[in-house]
Amino acid sequence: MDFRFADDRLPYYEDRSPGSGTLPARAWYARSDAARLSLNGSWAFRLSDTAEGADTRFVADDADPAGWDRVTVPGHWVLQGHGAPAYTNSDYPFPVDPPRVPTENPTGDHRHVFDLPDDWPGGGESVLRFDGVESCARVWLNGRELGWFTGSRLPHEFAVGALLRRRGNVLAVRVHQWSAASYLEDQDMWWLPGIFRDVTLLHRPVGSPADFFVHAAYDHTTGRGSLRVDCDVPGRVTVPELGLDLGTGEEAGVVVEPWSAEVPRLYDGELATSGERVPLRIGFRTVGVVDGVFRANGRRILFRGVNRHEFHPETGRTLDLETMRRDILLMKRHNINAVRTSHYPPHPAFLDLCDELGLWVVDECDLETHGFCEFPGWRGNPVADKRWTPALLDRARRLVERDKNHPSVVVWSLGNECSAGQGLSEMAAWIRERDHSRAVHYENDPSYRDSDFYSRMYVPHHEVEAIGRREEPPLDDPELDARRRSLPLLLVEYAHAMGNSPGGLADYQHLFETYERCQGGFVWEWIDHGLPRRTPDGRPYYGYGGDFGEELHAGNFVCDGLLFPDRTPSPALVEYKKVVEPVHITGDTTAGEITVTNGHDFADTSHLAFTWTYEVEGEAVASGPLTVPPLAPGASADVKLPAPPGGDLVGEAVWTIAAELAADTPWAPRGHEVAWAQLTDVPRRVPEPPAARAAPRREAGALRLGPAVFDAATGTLTALGGLTLRQGPRLDVWRATTDNDRGAPWLAEEPLGATWRRIGLHRMRHRVDAVDADEESLTVRTRVAPAATDLGLYADYRWTAGDDELLLEVSVTPDGEWPCPLPRLGLLLGLPAEYDRAAWYGGGPGEAYPDSCAASRLGRYAMSVDDLQTPYVRPQENGARSDVRWAELRDAGGEGVRVTALTDSFWFTARRWTSHQLDAAEHTTDLVPGDTVWVNVDDAQQGLGSEPWDDGPLPQYQLTVAPTEFRLAFTALSRR
Ligand code: GAL
């Protein structure tokens, strides 16, 4: 038998060409007066293990799919009980031998019988449209083969008018999970085969347009818009609000309000041809790179963006309109103004919503060949092999033709991580020829010959700064270098939001706001793609790579979003909202004045209402409206604060100034907070340490000091007032490593988390050198160190007792040459499980870390210990509250303990499991509450860092090992 096939003997699903039998690409629109019929619903389904394992008799009218299962279309069969999803990042999950695919090729046969509605018009043509099928589909209608197609996240249409009948149409679709096209679709995401977007039958009346192109530009120097609608059939274009009535192909100029992401002004219009009326939503705007800066309507804009994959935990990449809208509302409410549709065109209805609600869109083609990076020089890379160029061009065409009428789409992106190749250049050339009105983006070719942006991923801060100053190292080719130097910098991916990350957002934003060339970026990524699973005893959790029997996978790299899988915002999204807030409130309140700056690109501040609140020791004592004159974009005003409330208020006092929506908007209700700041009026006075009032007394194997009891041998605090501790406070340096601490598997250097483990920071031992009592204090001297190293930390604890509180002075002296920063430095103590009600005065309400604390707001908070946890899909360090002045834990009756900072403030963390249990957990359900509430009171924390592959947090956020002292007071709390 001959196993070596010539290309022309390969089956269609191993053909490099994009398909055959489909109609030319054209504009997509959701509404018109032409009839349409959704074919979504429950379809008969049969899964085979191989591409040709089953016969094709099912396409016939009289075939009997009696024994078949059913699936919901749109949907992925692997999420409907047939087979399993699989996750790889850049690895192809099959041997790389393009265009060949494995014999084991899950193949889903789909069959759907439908009638035409009674009023389905006669005459004209009818078109069968598939909006998305992964990865290769062969289609029959009423027994006749229509053709086949690839390009999973792109629409494909067939002319079917001649085949339709009133009743009993049999639509048969064979879908192969693997095809030659899989080599072009190596995006970092779940492999999810199926007919996962809508299937629609569209009537095309005689005289209806095959395609049309709305050109709506805006001249910011004149305030005039221009409109021309090109269409293959003659027709009229009307925009009643603008008094426009013009023929297709004609151009009209008129004064308009421009479209922008901030003010998404759309004009309703209509394209009427003899056969069809198509509603238009027209946004006038002009974008492009001018003088090295990407501008919209003449203004430099700053992308405050996110990378969005389409994801829903139940339905994968099948998204309903409600979910799409929810994503956009969440983005708008978190001050996000841009979305990159990584790494494929989204469902087109998403773009309608972006037009309507206002987001800048980088619309990316469905193309990634990342797995070829494994081979020298990306050997075999399809984008550098002209046999694949027709498929690449087909993808470019389907992207641009489908989405060209969306004002929100301002940049076409050729795809993601394909290295360089002539196929990409041909795509760019075709796109530029077809659409002059948008910029073209591509990141992965260092020459940037096909890109209007100097686009980079995960660039460290110092390099962003160098590029901002145009001081990047030159390219070898002076011409290309000069060109690249003239391009704006776009961080098309930055700040990897995997687990407890990213840190450093505020530092990036500062650079974007400092250097004109740095035009912002897109955080990686929007949502965790965790899939719901259950433990054998029925407890739900989210699974990731490796949980579905994959032999090759990239673990939890699929959970690296700003939203948890259920779309709950993570602390990182709250941080991002604060960091990119479009209004800046600064000032020195001692002068009674603040400065408000409008950071919007287009909108003035008249849509905002400002308020002030005066808080003393975290309690609001007065509040009111603040009059701020409407500010033009970029403008500032100094605003007088009211006189601070008088009276006998004592303690730390801050002004909280907030900017809220003054009226309901389509994306958030009136009162939604857009920006805020806290400005200190009266700084905190750290309480004086109480005078020592008691001397230590020895009592039957214990030492008593005021309200406290200590173990005489170890000097450990065992009881305070009526409270018996499960573990007295002692030095702790360990944290459950975050994804960034653990690093990326492909790193050459040892990640910090591995260094920590190698040294043994997770198994520190406490040697007690002395327990000394004198007239007023108890001093416990220890050396804290792991086995097998001479590194250590001398920790001395000096205890004194006040009237009803216990004072602790901790001094830490490093021993040895420490090669790395510490995870944390502070005390760990254990309380009985019933002390699970936390309250604190400090930063909140959510967690914060040194390089991710912009959103932490000084106040008084109360929360259960359970609610203090952040449920990262792969459990890891979380839940610290910053700048804590005091924190309490009480039981149901109100008894408990308060810890007060007597030097600055501390980081407060409490959980029902140890850091070691947290570290060992793979999924949230591995964490089972024990009999102890573990409390960390930290003097310092190591920052988070921005990515698992960077050099760690910026130097100022590293917990360098150094002599340290801090003081705390412990107070027993009795029943309230
Ligand atoms: C980028 C890639 C993304 C994602 C990310 C890591 O290189 O473009 O798709 O894989 O890294 O999560």
ring-ring contact (aromatic ring centres under 6.0 Å, His included) partner of H309, chosen from W190, W524, W526: W524

Any residue meeting salt bridge (Lys or Arg N to Asp or Glu O under 4.0 Å) with D219, in chain and number order, not counting sequence neighbours: none

Residue pair [X] / [Y], side-chain donor-acceptor N/O under 3.5 Å:
| X | Y | value |
| --- | --- | --- |
| H441 | Y448 | no |
| T22 | R398 | yes |
| N416 | E368 | yes |
| H347 | D198 | yes |
| S179 | S135 | yes |
| Q422 | T389 | yes |

cation_pi(R265, Y267) dist<6.0 Å, angle<=45: yes

Aromatic F149 / basic R138 pairing, under 6.0 angstrom, 45° off normal: no

Side chain to side chain contact (heavy atoms under 4.5 Å, CB included) between V361 and H406, worked out: CA-CA 9 Å; V361 178; H406 290 284; over 6 Å; no

Identified side-chain hydrogen bond (donor to acceptor under 3.5 Å, both in side chains) counterpart of R317 within the set H312, H529, E134: E134

SB check R174 D109 (cutoff 4.0 Å): yes

E270/R236 salt bridge by N-O under 4.0 Å criterion: no

D320/R326 under salt bridge (Lys or Arg N to Asp or Glu O under 4.0 Å): CA gap, chis, key distance, verdict: CA-CA 10 Å; D320 56 19; R326 196 159 159 215; over 6 Å; no

Nearest-0.5 Å distance that lies between atom OG1 in T318 and atom CZ in R197: 9.0 Å

F303 and F522 aromatic ring geometry - parallel, tilted or perpendicular at 30°/60° bounds: tilted

Under 3.5 Å donor-acceptor, E262 side chain and F602 backbone: yes

T341 side-chain N/O to E364 backbone N/O, donor-acceptor pair under 3.5 Å: yes

side-chain contact (heavy atoms from CB on, under 4.5 Å) against H220, all qualifying residues, sequence neighbours excluded: Y218

